Amino acid sequence: MIDERNFRSSYYEKVGFRSVEEKKSLEMLLRDRPFDKVKLKQFCLRFTVPTMYRNLLWKILLGVIPVYEESHDFVMTQRTAEFLDLKKSLIKAKITDDTTKPHQMFLMMWLLKTRRAKIDISSQMETDLLRAMSKLAESLWNISDANYEQDKLVNVYWILGGFLDQVQKFSSEVARLKENTCSMLEREDKELYNYLNKINALQNLPFEFWFHSCFAGTISDCSITKIWDKLAVGAYRILIFVTIIMLTTMRRCILRCEGLDKVLEVVHNITEETSEVIVNKAIEGWQQSGSVMINPQNPSNYMQNT
């Protein structure tokens, strides 16, 4: 019966029925004035955000714009002014110039805004954490119909800042996430777990990079946005499920690897098609674990459940 339901759900999704229903549900929520942030969070946890509404929803959930629609133009005017001030400061300090890639500029601006920038910001950008964040910034830029129109530059910068703030929040939890991932992998696939241990790969897999980059550059940009819908709400534990499903999906190739380098080569060459499978299975497993439950009367506790 479960298999039948899964097949039916998969079929409906392929022919577009499910996405149509979800789109209608979201459109009803977006009629609320002011926007109900708790309900929008619940929607993101339960469903995939339709592409045409993703920019708006991310901006609301990440605090870029308020829930009061009549304030959006004013707030974005202020956001644009701050964006231009930060950009000008980096240029004046000769940290960036016309050759600086947008995603690198955005990250430096975020460091400056959050007072994390050091005197030698170029060396700072080479740290493991900022390398991962840079990959996140690059993927976000790539999926944003990348061009150099000011409105899009401003939107991408502020959305990125929201995601980087989320990463910063769970950064101290990465060691625990890694431990939980290994424990879950041992339960889910003992053979794969033992083999990765045997070739000393499990201890050296780039868990920190995967988590801090939110799998940008590892999972294809076309698929990763479904995971970021959950991260926009702060549901960072979904990254554990992405890791597990990624490794178990690639298990046949991994079990033929003779060392860490070969394992990483397999993981770094995941196709778009396989990325989509990994993301969908990860979301399904995460939802089945009960991670989407939120008490609407006490929305502040949703982080504990995610």
Side-chain angles (χ1 to χ4, degrees), residues 2-65 67 69 139-140 143-144 159 162-163 166 170 214-216 219-246 272-273 275-306:
I2 292 175
D3 289 340
E4 183 181 342
R5 282 200 301 268
N6 287 342
F7 171 78
R8 188 181 301 148
S9 297
S10 177
Y11 174 76
Y12 286 161
E13 189 167 359
K14 283 181 180 179
V15 298
F17 290 165
R18 184 177 177 184
S19 61
V20 169
E21 292 176 1
E22 292 170 5
K23 181 170 175 280
K24 288 181 179 178
S25 298
L26 179 56
E27 286 173 347
M28 289 180 65
L29 292 178
L30 292 175
R31 293 190 191 118
D32 290 342
R33 294 295 181 274
F35 296 122
D36 190 324
K37 210 167 183 177
V38 172
K39 289 181 180 177
L40 293 176
K41 286 177 179 179
Q42 289 177 325
F43 180 90
C44 281
L45 290 172
R46 295 178 185 276
F47 308 111
T48 295
V49 177
T51 303
M52 64 184 296
Y53 293 115
R54 183 166 275 132
N55 184 68
L56 173 62
L57 225 60
W58 281 1
K59 285 166 70 176
I60 294 171
L61 296 176
L62 294 171
V64 178
I65 53 177
V67 295
E69 187 181 28
S139 284
L140 185 61
I143 65 176
S144 64
I159 289 172
F163 279 116
Q166 294 285 22
F170 71 72
C214 303
F215 284 92
I219 301 298
S220 77
D221 293 341
C222 297
S223 302
I224 199 62
T225 50
K226 294 181 182 180
I227 299 299
W228 292 355
D229 288 340
K230 319 307 177 190
L231 294 175
V233 185
Y236 60 86
R237 279 183 57 83
I238 195 171
L239 298 174
I240 295 175
F241 290 84
V242 177
T243 309
I244 297 298
I245 297 300
M246 178 179 70
E272 287 190 12
E273 184 178 358
S275 289
E276 188 70 9
V277 171
I278 291 169
V279 165
N280 290 337
K281 285 185 176 180
I283 291 173
E284 182 180 359
W286 172 76
Q287 289 177 333
Q288 288 177 353
S289 74
S291 296
V292 298
M293 300 306 295
I294 297 179
N295 179 0
Q297 304 303 319
N298 186 20
S300 61
N301 74 353
Y302 80 94
M303 283 291 291
Q304 298 173 13
N305 298 321
T306 54

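In this text, all values refer to a predicted model and were calculated from it rather than measured experimentally.
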Seminar exercise, completed: Sorted by chain and residue number, the salt bridge (charged side-chain N to carboxylate O under 4.0 Å, His left out) partners of E27 (sequence neighbours excluded) come out as K23
Seminar exercise, completed: Heavy atoms of V233 and Q166 approach each other most closely as C-NE2, 4.1 Å
Exercise. Of all heavy-atom pairs between E272 and C222, which one has the smallest distance, and what is that distance?
Worked result: OE1-SG, 4.1 Å
Exercise. Do K230 side-chain atoms and Y236 backbone N/O form a donor-acceptor pair below 3.5 Å?
Worked result: no
For this session: Please tell me if the side chains of W228 and I143 come closer than 4.5 Å, counting only heavy atoms from C-beta onward.
Result: yes
Problem set entry | L231 vs I238 side-chain heavy atoms within contact, under 4.5 Å | yes
Exercise. Do E284 and I245 have side-chain heavy atoms sitting under 4.5 Å apart?
Worked result: no
Problem set entry | Residue pair K226, E276: steps toward the salt bridge (charged side-chain N to carboxylate O under 4.0 Å, His left out) verdict | CA-CA 9 Å; K226 294 181 182 180; E276 188 70 9; 2.4 Å; yes
Problem set entry | Close side-chain approach of E69 and I60, heavy atoms under 4.5 Å | no
For this session: Determine whether I219 and I227 make a side-chain contact, defined as any pair of heavy atoms from C-beta on separated by less than 4.5 Å.
Result: no
Problem set entry | Minimum heavy-atom distance between L61 and K41, given as atom pair plus value | CD2-CG, 3.6 Å
For this session: Quick one: pull up OG in S139 and CG in D221 and give me the separation to the nearest 0.5 Å.
Result: 4.0 Å
Exercise. Is it true that atom NZ of K281 has more than 12 heavy atoms of other residues, nucleotides or ligands lying nearer than 6.0 Å?
Worked result: no
Exercise. Which heavy-atom pair separates F43 from S25 by the least distance, and what is that distance?
Worked result: CE1-CB, 4.2 Å
Problem set entry | Main-chain N/O of S220 paired to S275 side chain as donor or acceptor, under 3.5 Å | yes
Exercise. Once the angle between the rings of F163 and W58 is folded into 0 to 90°, is it parallel (under 30°), tilted (30 to 60°) or perpendicular (over 60°)?
Worked result: perpendicular
For this session: Side-chain contact test, heavy atoms from C-beta onward, threshold under 4.5 Å: evaluate it for F215 versus V279 and give yes or no.
Result: no
Exercise. Roughly how far apart are L140 CG and I224 CD1, rounded to 0.5 Å?
Worked result: 11.5 Å
Exercise. Which atom pair, heavy atoms only, marks the closest approach of T48 to E22?
Worked result: O-OE1, 3.6 Å
Exercise. Heavy-atom distance under 4.5 Å between the side chains of L30 and L40, does that happen here?
Worked result: yes
Exercise. Can you check whether L45's main-chain N or O pairs, donor with acceptor, with Q287's side chain at less than 3.5 Å?
Worked result: yes
Problem set entry | Any L26 side-chain heavy atom under 4.5 Å of L57 side chain | yes
